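Everything on this sheet refers to the single structure shown next.
Here the structure is a predicted model, which is why all the values come from computation and not from measurement. Chain naming here is simple, since letters A, B, ... match the order of the sequence lines and numbering starts at 1 in each.
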Number of protein chains: 2
Amino acid sequence: MAVRLQDVAKQAGVSVKTVSNVVTGHVHVAPATRERVQAAIDILGYRPNLSARNLRHGRSGLIALALPELDSPYFAELARFVVQAAEEHGLTVLIDQTDGLADRERLVMAGFRSHLIDGLIMSPVGLGPTEIAEHDGHIPLVLLGEKVGAGSADHIAIDNVAAAREATEHLLALGRRRVGVVGNQADSPAGSGVARLRRQGYEQALQWRGIAADPTLIADVPTFGRKQGADATARLLDSGARPDALFCFNDILALGALRMLAERGLRVPSDVAVIGMDDIEDGRWSTPTLSTIVPDKVEIARCAVEMLLNRMGITGAMPSPARDVRAGFALVARESTFGRT
Amino acid sequence: MAVRLQDVAKQAGVSVKTVSNVVTGHVHVAPATRERVQAAIDILGYRPNLSARNLRHGRSGLIALALPELDSPYFAELARFVVQAAEEHGLTVLIDQTDGLADRERLVMAGFRSHLIDGLIMSPVGLGPTEIAEHDGHIPLVLLGEKVGAGSADHIAIDNVAAAREATEHLLALGRRRVGVVGNQADSPAGSGVARLRRQGYEQALQWRGIAADPTLIADVPTFGRKQGADATARLLDSGARPDALFCFNDILALGALRMLAERGLRVPSDVAVIGMDDIEDGRWSTPTLSTIVPDKVEIARCAVEMLLNRMGITGAMPSPARDVRAGFALVARESTFGRT
DNA sequence: CATGTGCATTACAACGTTGTACACGGCCCG
DNA sequence: CGGGCCGTGTACAACGTTGTAATGCACATG
């Protein structure tokens, strides 16, 4: 069952180390020997034991990607790019679902996969900034998303304030003046990150146009789901706030909003224009198609992996100041703000 | 940096093995000793080295899940359940994206992650049944989806023929007589699996009602994407086939179809009823909401993991006949077949 | 008081791999 | 013709953990 270097060595009539050298290609091996060893490898069907290898040089080549949800399109797409980027560097990605639960995030960060993992890319939701800052740095860490100010960890995200400002401005430029917000989150210690920043952007855009913020246009949600988007939209419509546009804090909320608007017989965009954020695949095929902020997911993924590698390279406790990178984004106008409907 | 059992042992004044015993809790250890060791562990922040552990007992506790796409909702949702099921058995899942490429599937099956992985759950797309049957069994394998007849591997899927029959019958029961198909795939060696079975079910349903199959109502797609669904629907509409219902071979195709129908000004379901398969989250929030076949994803995931465990348990080459399990499914009628629109 | 019993703890080896240090042989050069 | 060098190959140890077998010890028993 288990074919070891030793078996190959015996078969080829060489030492174990020589076989190892052939497998890894490290040292000069005479072509004749190499060929003989290779033949033995093929015959026996040898496969290196990665556990042993990892044990030997203290690296596993595995990194973990901790995300709240795999079945949220944004994270699924992001995961794909992270896996690709990691692969380019010879790393394998192990995906961990935290469900946005603080407990699970804490567990992952504490390194319950111990030495199995060389590094961690995490998108924290449940954990507050203070708790993240307590990260003891025993494992290289890169944070995705909106939690800022973690001491020993790098961080990458788009400029959420600017992006939200641009989204809002887009709606205002269409002449809309009662721009509703779907996705606000009252300041809970956890989860406040994204929502707070995006709301800031929204308010800045209003301010620049000299429009007074109307608190009745703000709808809160407990989490970012289609149902929550639909519910919040319903509340907004029922409240008599009469929005002529909706800025949804992400595309999933927006899809829920579109659904609710359709149910209420409101036309998009003529009655209510809608914009989201994230550019998930669904938004390109919904009816109407969804205008949105497109974060550069490829850049985010690539950058996260590179920062992690960087941090992994530094073996010891060398602090090396935490980097905070802003990824690019762009606005794409689709039917939900420009359509003919 | 690296805290080993030895370090803890020295700190606690006991032998390495005793610490190991405390950590694993295997043998009787005197309460006093246990306490002392535990204290040392806490002080030093000891974390077991999984690589060493794995090397020691030849298991890694890792299984791989090879899927065509992470950002396809069906697979993302399935992945979630597999991860959960695996966790219940103390296993960690490593997700591998094959992109439906035969090369990558071959690579994964050949075990390029070598001894890192104890088992593999795979949903093959690019690989044909013959190639899968050549699996040399060096790694326990469970197949998801429609590729049948793999010698040394277990297999789980819903009864696609029956499911497709039920979906079609649902449309026929509404009085529709010109049921179009979106998602057929001309018999390519690869990829023919799902499409062929679902088409069989479609034809059976027609036959039972004594309705002649009309080839002009069948639209082929190269892959299962929203765009492909939209394109195929457009072709169907342009061809003059005049369908009054569409059976889409999965929900993604159906969402594309819904989009195209809306663009053409056709109402769903009054002009054209639409049903899909897979029950992805998006379908519950589209406009109109999407009728579909709901596969029991939880059962599929749990069963796959259990079969894999079973196969992993048998250490040697014990063939143990390959099992072929049918998972349950149900039809859910939503607005796209029952709505008031 | 000697012996047997059972529990707590220990020493040792092994899992499969690879880095280090070294041995061997042939060849070039002085 | 001898010394050194380079190109190949080898022996050994170590990575951190845990199963096995053995040790020490206290207590109960004959």
Side-chain angles (χ1 to χ4, degrees), chain A residues 1-38 40-41 44-62 90 111-118 138-139 315, chain B residues 1-38 40-41 44-62 90 111 113-118 138 315:
Chain A
M1 189 61 191
V3 183
R4 328 196 276 309
L5 280 182
Q6 209 177 22
D7 303 320
V8 179
K10 195 156 59 180
Q11 168 90 10
V14 294
S15 83
V16 178
K17 188 65 221 287
T18 300
V19 181
S20 168
N21 287 335
V22 171
V23 173
T24 56
H26 265 324
V27 194
H28 278 216
V29 178
T33 320
R34 157 157 288 134
E35 205 171 330
R36 199 149 38 95
V37 171
Q38 190 57 54
I41 288 176
L44 298 176
Y46 167 78
R47 296 163 192 293
N49 181 323
L50 296 193
S51 289
R53 220 178 240 185
N54 297 342
L55 172 59
R56 194 51 177 59
H57 45 348
R59 290 267 170 97
S60 67
L62 278 179
F112 82 114
R113 298 233 193 286
S114 319
H115 296 249
L116 225 196
I117 276 168
D118 296 337
H138 70 90
I139 190 173
T315 34
Chain B
M1 187 65 191
V3 183
R4 327 194 279 308
L5 281 181
Q6 209 178 21
D7 302 320
V8 179
K10 194 156 60 178
Q11 168 90 13
V14 294
S15 83
V16 178
K17 188 65 219 288
T18 300
V19 181
S20 168
N21 287 336
V22 170
V23 173
T24 57
H26 266 322
V27 195
H28 279 214
V29 177
T33 318
R34 156 158 287 132
E35 204 171 330
R36 199 149 37 94
V37 170
Q38 190 57 54
I41 288 176
L44 298 176
Y46 167 78
R47 296 160 193 292
N49 181 324
L50 295 193
S51 289
R53 222 179 238 183
N54 297 341
L55 172 60
R56 193 52 177 64
H57 44 349
R59 290 268 169 97
S60 67
L62 277 180
R113 298 233 194 285
S114 319
H115 296 249
L116 224 196
I117 277 167
D118 296 337
H138 70 90
T315 35

**OP:** Answer yes or no: does a side-chain N or O of Thr18(B) lie under 4.0 Å from OP1 or OP2 of dT10(C)?
**Re:** yes
Original post:
Rounded to whole angstroms, how far apart are NE2 on His26(B) and C1' on dC7(C)?
Top reply: 18 Å
Subject >> Among dT18(C), dC15(C), dC15(D), the one nearest Leu55(A) by side-chain distance >> reply: dC15(D)
**OP:** Using heavy atoms to find the nearest nucleotide of DNA chain C for Pro31(B) and Val23(A) separately, return the residue whose nucleotide is more 5′.
**Re:** Pro31(B)
Subject >> Ser15(B) side-chain N/O to dT9(C) phosphate OP1/OP2 under 4.0 Å >> reply: no
Original post:
Donor-acceptor pair under 3.5 Å: do we get one between Arg53(B)'s side chain and the base of dT17(D)?
Top reply: no
Subject >> Of the listed nucleotides dT18(C), dT10(C), dG16(D), the one nearest the side chain of Asn49(B) >> reply: dG16(D)
**OP:** Have a look at Ser51(A) and say if it touches a base, only the backbone sugar-phosphate, or nothing, with a 4.0 Å heavy-atom cut-off.
**Re:** nothing
**OP:** State plainly whether the residues Asp7(A) and Arg4(A) are in salt-bridge range, i.e. N to O under 4.0 Å.
**Re:** yes
Original post:
From the list dG16(C), dT9(C), dT10(D), which nucleotide is the closest neighbour of the side chain of Val14(A)?
Top reply: dT10(D)
**OP:** Output yes when at least one side-chain N/O atom of His28(B) is less than 4.0 Å from OP1 or OP2 of dA8(C), else no.
**Re:** yes
**OP:** Look at the side chain of Arg56(B) and decide which nucleotide, out of dA14(C), dT8(D), dA8(C), has an atom nearest to it.
**Re:** dA14(C)
Subject >> Check: Lys17(A) side chain, dG9(D) base, donor-acceptor under 3.5 Å >> reply: no
**OP:** Could you please name the option among dT10(D), dT18(C), dT9(C) that lies closest to any side-chain atom of Asn21(A)?
**Re:** dT10(D)
Original post:
Nearest to the side chain of Leu5(A), which nucleotide is it out of dG16(D), dT17(C), dT8(D)?
Top reply: dT17(C)
**OP:** Check each of Val8(A), Val14(A), Val29(A) against Val22(A) using the side-chain contact (heavy atoms from CB on, under 4.5 Å) test, and report the only one that passes.
**Re:** Val29(A)
